[in-house]
Undergrad: 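Mind having a look at this structure? Questions to follow.
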Amino acid sequence: MSWAIIQQSLPQFVKGFQVTVWMSFVGIIGAMVVGLCCSLIQYFHVPVIDKIVSAYVELARNTPLLIQLFFLYYAFPVIGLKMSAITCGLIGLIFLGGAYMAEAFTGGFDGISKNQIESGEAIGMSKWQLARYVVFPQGFALSVPAIAANIIFLIKETSIFSVIAIPELTNTALDLIGLYYHSNEYLFVLVIAYAIILIPLSLLLTWLERRVRYGTFGD
Amino acid sequence: MTEKILEVEDLNKFYGNKQVLHDISFSLNKGEVLTLLGPSGSGKSTLLRCLNGLEEFKSGTIIFEGKKVIPTAKNWQQLRQKIGMVFQSYDLFPNMTVLENILLGPVKVQKRPKAEVEKEAKALLKRVHLEQYANSYPRQLSGGQKQRIAIVRALALHPDLMLFDEVTASLDPEMVRGVLELIKQLSDEDHMTMIIVTHEMNFAKQIADQVLFLENGTIVEDTPGKEFFEHPKTKRAEEFLESMEF
Ligand SMILES: Nc1ncnc2c1ncn2[C@@H]1O[C@H](COP(=O)(O)OP(=O)(O)OP(=O)(O)O)[C@@H](O)[C@H]1O
Ligand SMILES: [Mg+2]
């Protein structure tokens with residue numbers, strides 16, 4: 001392993017790092033928005049749309065991101081929808097992540113005890129009031145662990161962006177290896193780069209899970 | 001003249017194919033306390049839950065304050081402000097302080113002015129000797145304290161009828177008294193109309209104006225309180241009282 005080779009490659013890795021970070025960030029925020037909307041539609045049983053949402057969730061969860069990206073990048077232009085690789089990557093991540101986030105939120109809402117709901121009903125609350133004051137505040141707290149797991153999962157999934165040549169971390173490493181063959185060095189940097197993102201983030205999320213849980217339920 | 005607050009006629013309730021309440025009919029006078037007694041599984045909780053719409057029933061009529069209840073979700077939601085219910089497991093909302101728990105119904109459901117309700121809530125808390133816990137979270141309270149708050153939460157809506165389903169059953173013995181005293185006070189001082197399911201026979205004997213004795217979903221006896229405990233009409237009720245050993 002040569003330190004010089006690593007050093008030379010760093011500027012490119014820094015760029016790749018930035019791409020991975022910003023795309024993950026935007027994709028995850030988008031996925032949470034989509035997931036929350038979907039789970040609200042399911043919670044309130046909005047007619048017809050809730051069936052569409054269920055179908056979407058099943059489809060997105062049961063197809064690999066790789067295939068979703070191929071579709072967006074290679075198949076959509078055939079029907080006249082040509083998008084940049086970056087756009088395809090973000091849409092793909094939000095499409096996949098939205099379904100996972102929907103499941104996470106729904107799991108939280110479903111996890112609220114029947115007794116809590118009934119004691120809300122017993123003071124005359126409407127379905128909407130129950131949702132706003134009882135189900136959602138507690139449901140969010142219950143869904144935090146699943147959301148945290150999804151965040152980590154989605155960041156790792158961004159490595160698949162390399163197949164449509166988005167210059168994120170994995171793509172950067174694969175390109176460098178293709179050009180200069182120093183696979184030990186480049187893979188080493190790649191691992192370190194992901195660890196720099198994921199390890200502090202997962203510690204932060206674990207801390208947050210505990211905070212939210214204690215703040216809401218007191219244990 | 002005594003005024004009837006609640007009349008139930010021929011109420012039938014099924015869970016699937018299994019009938020759990022058979023032709024339940026009784027009435028309750030304003031200001032009186034009705035105690036529902038009966039062995040486990042006799043349908044006491046189910047009956048209470050039918051009376052505030054938490055369970056649907058197959059047939060029968062409920063007349064509350066002179067008006068026949070049309071059992072739609074919206075009507076029950078309105079009626080629950082008049083018919084309060086407290087459960088065995090108290091179920092305060094863990095994400096809110098004691099005061100927020102109490103204010104939720106009056107302020108959000110009944111849209112009463114917050115300042116006014118808050119004053120009233122504090123007075124109620126004082127009455128149950130828990131005023132110092134207004135800004136605490138339920139987790140900081142003992143079971144007995146939580147149950148008293150749950151009762152206050154229901155009272156804050158100004159109900160005309162209160163339903164209590166074994167509200168002391170999950171409390172440590174030393175906590176039971178405070179809760180029972182509060183219920184006794186509500187009857188003696190506020191003349192609150194109440195239906196109480198309890199296994200505390202001494203308490204039932206003290207407080208009951210009327211006793212319904214249920215078995216297998218049927219009313220076996222509907223007797224004035226004093227009489228029920230001294231001379232039950234049926235053999236079955238007599239056996240039940242003996243088995244309770246109080
Ligand atoms: N959700 C339910 N689904 C099906 N059967 C039920 C349900 N809830 C209660 N039952 C049945 O209905 C009958 C009456 O139950 P209920 O809980 O009203 O009795 P109870 O008198 O309150 O008993 P306990 O003293 O044990 O609380 C029982 O046979 C019970 O098994
Ligand atoms: Mg019961």
Side-chain angles (χ1 to χ4, degrees), chain A residues 32 36 39-47 50 104-148 207-219, chain B residues 45 48-49 51-55 73-97 100-111 136-141 146-147 149-159 162-165 167 170:
Chain A
M32 287 175 65
L36 183 60
S39 66
L40 292 180
I41 287 165
Q42 288 179 321
Y43 180 80
F44 287 109
H45 300 294
V46 180
D50 68 339
F105 284 118
T106 299
F109 299 157
D110 287 349
I112 292 157
S113 78
K114 189 165 159 268
N115 289 344
Q116 282 284 308
I117 308 273
E118 286 188 344
S119 57
E121 288 176 336
I123 56 170
M125 283 203 262
S126 64
K127 176 142 198 195
W128 167 242
Q129 287 167 334
L130 257 172
R132 170 147 176 223
Y133 299 108
V134 179
V135 178
F136 294 163
Q138 294 184 40
F140 286 131
L142 291 176
S143 60
V144 171
I147 288 172
W207 173 81
L208 191 75
E209 272 169 39
R210 258 191 256 129
R211 276 297 301 250
V212 172
R213 181 154 186 95
Y214 184 79
T216 310
F217 301 103
D219 57 15
Chain B
S45 299
L48 276 196
R49 293 163 58 81
L51 295 179
N52 79 344
L54 288 179
E55 294 290 346
K74 203 142 192 93
N75 286 341
W76 277 124
Q77 200 187 302
Q78 290 290 321
L79 277 167
R80 288 187 193 121
Q81 298 169 37
K82 294 268 139 212
I83 306 176
M85 180 156 181
V86 183
F87 305 87
Q88 177 178 335
S89 53
Y90 26 88
D91 287 293
L92 298 177
F93 304 121
N95 51 322
M96 296 174 208
T97 64
E100 286 166 349
N101 264 277
I102 300 169
L103 296 187
L104 192 60
V107 174
K108 300 298 176 192
V109 177
Q110 297 183 319
K111 316 268 188 243
S136 307
Y137 281 87
R139 58 176 173 268
Q140 295 161 298
L141 274 61
K146 279 189 255 199
Q147 192 56 289
I149 301 293
I151 294 173
V152 165
R153 180 174 65 178
L155 291 175
L157 293 160
H158 300 162
M162 285 287 292
L163 312 174
F164 293 97
D165 192 359
V167 292
S170 57

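Lettering of chains follows the sequences in order, A, B, ..., and the numbering in each one begins at 1.
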Undergrad: Main chain of B:K108, side chain of A:Q129: is a donor-acceptor contact present, judged purely on distance under 3.5 Å?
TA: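 Between the backbone of B:K108 and the side chain of A:Q129 there is a qualifying donor-acceptor contact (under 3.5 Å).
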Undergrad: Going by side chain to side chain contact (heavy atoms under 4.5 Å, CB included), name the residues that satisfy it together with B:K74, two or more places apart in sequence or in a different chain.
TA: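 Applying side chain to side chain contact (heavy atoms under 4.5 Å, CB included) to B:K74 gives B:T72.
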Undergrad: In residues 208-215 of chain A, which residues are in contact with chain B at a heavy-atom separation under 4.5 Å?
TA: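 Interface residues of residues 208-215 of chain A: A:Y214, A:G215.
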Undergrad: Which atom pair, heavy atoms only, marks the closest approach of A:S119 to B:R153?
TA: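 Heavy atoms only, the tightest pair is CB-NH2, 3.5 Å.
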Undergrad: Give, for atom CG of B:N52 and atom CD of A:E118, the distance between the pair rounded to the nearest 0.5 Å.
TA: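 B:N52 CG to A:E118 CD: 9.0 Å, rounded to 0.5 Å.
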Undergrad: Got a second to check how far A:I117's CD1 is from B:L54's CG, nearest 0.5 Å?
TA: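 Output value for this atom pair is 11.5 Å.
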Undergrad: Output the option from B:M96, B:Q110, B:R49 having the highest count of non-hydrogen pairs under 4.5 Å with chain A.
TA: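 Max contact count across the listed options: B:R49.
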Undergrad: Just to be sure I understand the criterion: a residue of residues 130-140 of chain A counts if one of its heavy atoms is under 4.5 Å from a heavy atom of chain B. Which ones qualify?
TA: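 Listed by number: A:Y133, A:V134, A:P137, A:Q138.
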Undergrad: Rounded to the nearest 0.5 Å, what separates atom CE in A:M125 from atom CZ in B:R80?
TA: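 Going from CE on A:M125 over to CZ on B:R80, the span is 11.0 Å.
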Undergrad: I'd like a table of donor-acceptor pairs (distance under 3.5 Å, sequence neighbours excluded) in which one partner is a side-chain atom from residues 82-94 of chain B, with atom names and distances.
TA:
residue, atom, partner, partner atom, Å
B:S89, OG, A:N115, ND2, 3.4
B:S89, OG, B:D91, OD2, 2.6

